[in-house]
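These figures come from a predicted structure and were not determined experimentally.
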There are 2 protein chains.
Amino acid sequence: MTLDEAKQHLIQAWGTLGSSWGVSRTMAQVHALLLVSPVAMTTEDIMEALQISRGNVNMNVRDLIDWGIVRKVLKPGERKEFFEAEKDVWKVGMQVAKERKKRELEPLIRALEQVSTIEADITDPDVKQFAETVENLKKFANNTNNTLETIIKAEENFFWASFFKLFK
Amino acid sequence: MTLDEAKQHLIQAWGTLGSSWGVSRTMAQVHALLLVSPVAMTTEDIMEALQISRGNVNMNVRDLIDWGIVRKVLKPGERKEFFEAEKDVWKVGMQVAKERKKRELEPLIRALEQVSTIEADITDPDVKQFAETVENLKKFANNTNNTLETIIKAEENFFWASFFKLFK
DNA sequence: AAATACTTTCAAAATATTTTGAAAGTTCAA
DNA sequence: TTGAACTTTCAAAATATTTTGAAAGTATTT
């Protein structure tokens with residue numbers, strides 16, 4: 001397998017996986033492309049490499065930037081914008097965990113809070129069982145949220161710790 | 001908020017969230033419906049409650065059964081099949097983690113193994129950096145896989161432990 | 001100020017996914 | 001074996017998502 005074949009394979013695999021992670025195939029492919037590119041790429045480069053339109057590249061790159069896993073880089077003397085992916089896979093993982101927590105878990109927790117304001121006869125066994133299910137869901141969601149929070153915090157501290165070591 | 005309103009709210013919220021978890025809205029809604037139903041439901045009940053077609057109910061219930069979070073129950077004397085959701089949200093969470101591990105993480109790891117069989121000049125800096133990125137992805141994926149494995153195993157042991165306690 | 005080099009937007013087109021419902025399949029009782 | 005009660009399948013329709021590309025927008029140079 002040559003380098004280019006290997007890259008193609010990885011981009012394909014990443015793209016396929018994307019869909020099960022709630023990310024569109026193209027967005028995942030753009031991410032993979034930047035991840036394995038040794039240099040920052042322009043919109044044109046990405047269009048060419050993945051055979052997709054300008055608008056498509058623009059939207060997906062913007063989303064990846066929103067996720068905090070791709071950066072815009074400006075090269076002195078160049079008008080064009082270049083894009084590069086965060087290469088530290090741990091940081092990528094943490095960033096994704098952080099965003100998913102914010103986008104998925106937190107809205108769920110808010111919805112559950114809402115639903116648990118139900119005002120009904122607590123002696124009704126149906127009400128009681130519903131209240132219990134919601135309570136369990138809340139506990140579960142909060143527990144997951146806290147666990148993620150702890151892991152993310154720990155990772156961030158670890159990151160800053162190694163960062164500050166540079167100045168010691 | 002009445003019981004029925006609260007149920008509707010929860011079913012809606014669960015459905016909305018489903019999409020970001022790579023599960024179709026309807027499948028998530030069927031799950032939520034069964035989760036908050038105090039009794040097992042028939043295909044007709046689900047059709048009625050969610051206003052969806054027979055075929056749709058059939059497919060989604062089958063998928064939920066595949067995920068291991070909904071069970072078919074047969075009532076003596078009844079020809080119809082009834083469905084009920086696993087009510088223990090921890091078990092549901094573990095089951096989902098287990099399935100996602102199998103369906104998403106494991107294929108990724110296999111793809112990465114494939115890609116790392118690249119045979120190319122290791123002195124080429126581009127090849128070297130690619131190999132490194134793949135190596136890091138592998139480490140990350142394996143680490144996540146092992147962590148999940150450990151958590152799932154721990155939960156299962158815990159479950160069986162409490163189960164056996166019943167007989168002490 | 002005008003031309004140039006780029007980026008962004010967004011309505012329409014293409015594509016992918018989900019849903020329907022009727023027909024085919026299955027099971028069971030008589 | 002037939003018919004009634006139910007479940008499953010799947011091609012076509014409906015719906016949702018993604019992609020395109022040209023026009024509008026923005027920034028920089030001349």
Q) Do you know the tightest heavy-atom contact between A/Trp14 and A/His31? A) NE1-ND1, 3.1 Å
Q: Compare every heavy atom of A/Trp67 with every heavy atom of A/Arg100, then report the nearest pair and how far apart it is.
A: CG-CH2, 3.8 Å
Roughly how many Å is it from [atom1] in [X] to [atom2] in [N], rounded to a whole number?
X       : N      : atom1 : atom2 : result
A/Lys75 : C/dC6  : NZ    : C1'   : 17 Å
A/Lys80 : C/dT4  : NZ    : P     : 17 Å
A/Asn60 : D/dT20 : CG    : P     : 10 Å
A/Gln51 : D/dT19 : CD    : P     : 14 Å
A/Arg54 : D/dA24 : CZ    : P     : 17 Å
A/Glu81 : C/dA5  : CD    : C1'   : 12 Å
B/Ile46 : C/dT19 : CD1   : P     : 14 Å
A/Met59 : C/dC10 : CE    : P     : 9 Å

Tell me which nucleotide among [options] gets nearest to the side chain of [X].
X       : options               : answer
B/Thr26 : C/dT18, D/dT19, D/dT7 : C/dT18
B/Asn56 : C/dT7, C/dT19, D/dT19 : C/dT19
B/Asn58 : D/dT9, C/dA5, C/dT20  : D/dT9
A/Thr43 : C/dT7, D/dT19, C/dG21 : C/dT7

Q: Decide yes or no on salt bridge (charged side-chain N to carboxylate O under 4.0 Å, His left out) for A/Glu135 and A/Lys139, but give the supporting numbers first.
A: CA-CA 6 Å; A/Glu135 203 43 50; A/Lys139 276 186 197 153; 5.4 Å; no
Q) Among side-chain atoms of A/Gln129 and A/Thr133, is any donor-acceptor pair under 3.5 angstrom? A) yes
Q | A/Arg62 side chain near C/dT9 phosphate (N/O to OP1/OP2, under 4.0 Å) | A | yes
Q | Closest-nucleotide ordering on DNA chain C, the 5'-leading residue of A/Gly55 and A/Ser19 | A | A/Gly55
Q: Between A/Phe82 and B/Ser24, name the one whose nearest nucleotide on DNA chain C is closer to the 5' end.
A: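 Taking each residue's closest nucleotide, the earlier one in sequence belongs to A/Phe82.
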Q.
Under a 4.0 Å threshold between the charged nitrogen and the carboxylate oxygen, would B/Lys128 count as salt-bridged to B/Glu132?
A. no
Q: Go through the N and O atoms of the side chain of B/Arg79 and the base of C/dT27, and report whether any donor-acceptor pair is under 3.5 Å.
A: yes
Q | Along DNA chain D (nearest heavy atom to each residue), the more 5'-positioned of B/Glu44 and B/Arg25 | A |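 Its nearest nucleotide lies further toward 5', so the answer is B/Glu44.
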